[in-house]
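Keep in mind it's a predicted model, so treat the numbers as computed, not measured.
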Amino acid sequence: MQVELKSPCKVNLILNILGKRPDGFHELETVMHPVAIHDVLSIARTATGIELTCDQPELPTDSRNLVHRAAVAFFTETGIHEGARIHLAKRIPMEAGIGGGSGNAATTLLGLNEVFGSPLDAHALQRLAATLGSDVPFFLQSAPAIAVGRGEQVKPLGAFDALKGFYFLLIHPGFGVSTPWAYKNLARFPTALNGERGRAERLAQNLKTSIEAARADFYNSLEAPVLEKFPLLAIFQEFLRENGAEVALMSGSGSTTFALIEGAQKTAEIEERFRQKFGTNCWVSSVPCNKAPYFPR
Ligand code: C5P
């Protein structure tokens with residue numbers, strides 16, 4: 001038996017860090033929104049072993065790859081003595097703050113669970129996902145969601161009416177940002193490290209009505225260290241706003257910048273202007289925000 005599954009990405013409409021925890025992680029609240037740009041995972045049941053291939057030669061296919069780690073976790077948890085052949089067609093940039101690897105891990109768990117006849121229930125999948133990374137549980141489901149804790153406690157939400165007719169424009173600058181580096185360097189920015197609790201709930205509430213009502217809470221604590229180190233990302237945001245984007249913000253720990261733009265035509269115009277000015281090394285992609293269902297996997 002074989003399945004082919006789409007593995008999406010996300011943006012953080014807010015990533016509000018509340019403080020450092022004794023376990024070294026950071027307590028946060030975030031609103032994550034699925035983005036319909038995806039990798040594709042093909043998963044087949046085999047007699048033994050985990051055989052992972054990828055169309056991007058620079059991506060390791062051993063235990064450094066979250067797909068491999070997810071497969072090991074699945075076989076260990078279920079005690080199944082068989083194997084899997086997995087191919088990953090990669091489209092989402094890496095070290096980009098849009099959860100490509102986390103999505104791959106969650107999709108691997110879902111795919112293996114499907115080809116082996118659903119040995120894991122939703123609760124077990126959620127628990128296993130959280131061991132693989134803070135953002136992995138979000139990708140077990142496909143709706144916008146609010147997440148708390150270190151990001152692994154996920155509450156799905158309905159579609160945001162305020163985003164109807166809006167597009168996400170995603171820009172990856174051609175270099176990545178290490179997530180541990182970004183969190184570590186937050187220590188130099190006490191205000192960003194100790195955010196005001198409740199902003200994510202307020203953003204989610206206000207996104208039921210209008211972007212205007214929500215505007216003050218599009219925020220990312222990790223911009224403090226990342227934009228300081230990479231001022232180009234602040235220049236991108238300024239350019240996007242000056243050219244008519246309603247919102248321009250960094251996603252996750254970067255390096256991806258995303259903009260919210262109203263209407264297909266305006267999105268295409270801003271995208272074209274951006275490409276002309278900064279295009280050469282950047283990955284640029286746009287999709288409608290509220291394209292439900294977000295991911296018919
Ligand atoms: O959970 P994940 O593997 O994505 O985390 C990668 C790194 O990011 C962690 O090792 C930690 O340094 C940092 N992190 C954090 N607080 C979070 C999430 C991640 O400090 N809530």
Side-chain angles (χ1 to χ4, degrees), residues 1-10 32 34-143 145 151-152 154 156 170 172 176 179 283 285 287 291-297:
M1 185 182 175
Q2 177 158 356
V3 291
E4 198 169 270
L5 296 173
K6 289 178 181 168
S7 177
C9 58
K10 56 86 182 168
M32 294 200 258
V35 176
I37 298 169
H38 53 81
D39 298 334
V40 178
L41 275 161
S42 310
I43 301 179
R45 193 169 166 162
T46 62
T48 183
I50 297 164
E51 189 190 322
L52 174 61
T53 54
C54 179
D55 64 353
Q56 303 264 328
E58 70 272 21
L59 193 66
T61 50
D62 56 19
S63 62
R64 285 168 294 172
N65 191 310
L66 268 175
V67 170
H68 197 282
R69 293 223 285 275
V72 169
F74 175 85
F75 287 115
T76 307
E77 177 73 16
T78 57
I80 291 172
H81 293 289
E82 290 180 53
R85 185 166 50 243
I86 306 175
H87 181 72
L88 172 59
K90 199 81 198 149
R91 301 289 169 267
I92 303 168
M94 291 166 264
E95 283 206 319
I98 52 176
S102 301
N104 293 164
T107 307
T108 300
L109 292 179
L110 292 171
L112 287 171
N113 207 39
E114 190 177 334
V115 299
F116 284 99
S118 302
L120 301 179
D121 62 15
H123 182 74
L125 283 168
Q126 142 77 34
R127 194 169 35 74
L128 214 51
T131 67
L132 294 165
S134 304
D135 284 351
V136 180
F138 168 76
F139 287 102
L140 291 174
Q141 55 93 54
S142 57
E152 88 286 18
V154 179
L170 269 58
H172 184 267
T179 302
W283 171 88
S285 196
V287 282
K291 207 171 136 197
Y294 299 95
F295 306 111
R297 274 187 164 114

*Between Glu114 and Ile43, is a side chain to side chain contact (heavy atoms under 4.5 Å, CB included) present by the stated rule, with each step listed?*
CA-CA 10 Å; Glu114 190 177 334; Ile43 301 179; over 6 Å; no

Between atom [atom1] of [X] and atom [atom2] of [Y], what is the distance when rounded to the nearest 0.5 Å?
{"X": "Ser7", "Y": "Leu41", "atom1": "OG", "atom2": "CG", "value": "5.0 Å"}
{"X": "His87", "Y": "Cys54", "atom1": "NE2", "atom2": "SG", "value": "6.5 Å"}
{"X": "Thr61", "Y": "Ile86", "atom1": "OG1", "atom2": "CD1", "value": "11.0 Å"}
{"X": "Leu112", "Y": "Arg45", "atom1": "CG", "atom2": "CZ", "value": "10.5 Å"}

Which heavy atom of [X] sits nearest a heavy atom of [Y], and at what distance?
{"X": "Ile98", "Y": "Ile92", "answer": "CD1-CG2, 3.7 Å"}
{"X": "Ala84", "Y": "Thr46", "answer": "N-OG1, 3.0 Å"}
{"X": "Gly151", "Y": "Met32", "answer": "O-CE, 4.2 Å"}
{"X": "Asp39", "Y": "Gly100", "answer": "OD2-O, 4.4 Å"}
{"X": "Ser102", "Y": "Asp135", "answer": "OG-CB, 3.5 Å"}
{"X": "Thr107", "Y": "Gly103", "answer": "OG1-O, 2.7 Å"}

Is the closest side-chain heavy-atom distance between [X] and [Y] below 4.5 Å?
{"X": "Leu132", "Y": "Glu152", "value": "no"}
{"X": "Leu88", "Y": "Gln56", "value": "no"}
{"X": "Leu66", "Y": "Asn104", "value": "no"}

*Considering residues at least two apart in sequence or located in another chain, which fulfil the side-chain contact (heavy atoms from CB on, under 4.5 Å) criterion with Glu95?*
Ser178

*asked:* According to side-chain contact (heavy atoms from CB on, under 4.5 Å), who are the partners of Glu51, at least two apart in sequence or on a separate chain?
replied: Arg85

Give the table of side-chain donor-acceptor pairs shorter than 3.5 Å for residues 118-128, with sequence neighbours excluded, one pair per line with atom names and distance.
residue: Asp121; atom: OD1; partner: His123; partner atom: N; Å: 3.3
residue: Asp121; atom: OD1; partner: Ala124; partner atom: N; Å: 2.8
residue: Arg127; atom: NH2; partner: Glu77; partner atom: OE2; Å: 3.1

*asked:* According to ring pair (Phe, Tyr, Trp, His ring centres under 6.0 Å), who are the partners of Phe116, at least two apart in sequence or on a separate chain?
replied: Phe74, Phe75

*Identify, with sequence neighbours excluded, every residue that meets side-chain hydrogen bond (donor to acceptor under 3.5 Å, both in side chains) alongside His68.*
none

*With sequence neighbours excluded, what pairs up with Gln2 under the side-chain hydrogen bond (donor to acceptor under 3.5 Å, both in side chains) test?*
none

*asked:* Run the side chain to side chain contact (heavy atoms under 4.5 Å, CB included) test on Val154 and Leu140 for me, step by step, so that the C-alpha distance in whole Å, both residues' side-chain angles and the decisive distance to 0.1 Å come before the verdict.
replied: CA-CA 10 Å; Val154 179; Leu140 291 174; over 6 Å; no

*Just by distance, do the side chain of Arg69 and the backbone of Ser63 share a donor-acceptor pair under 3.5 Å?*
yes

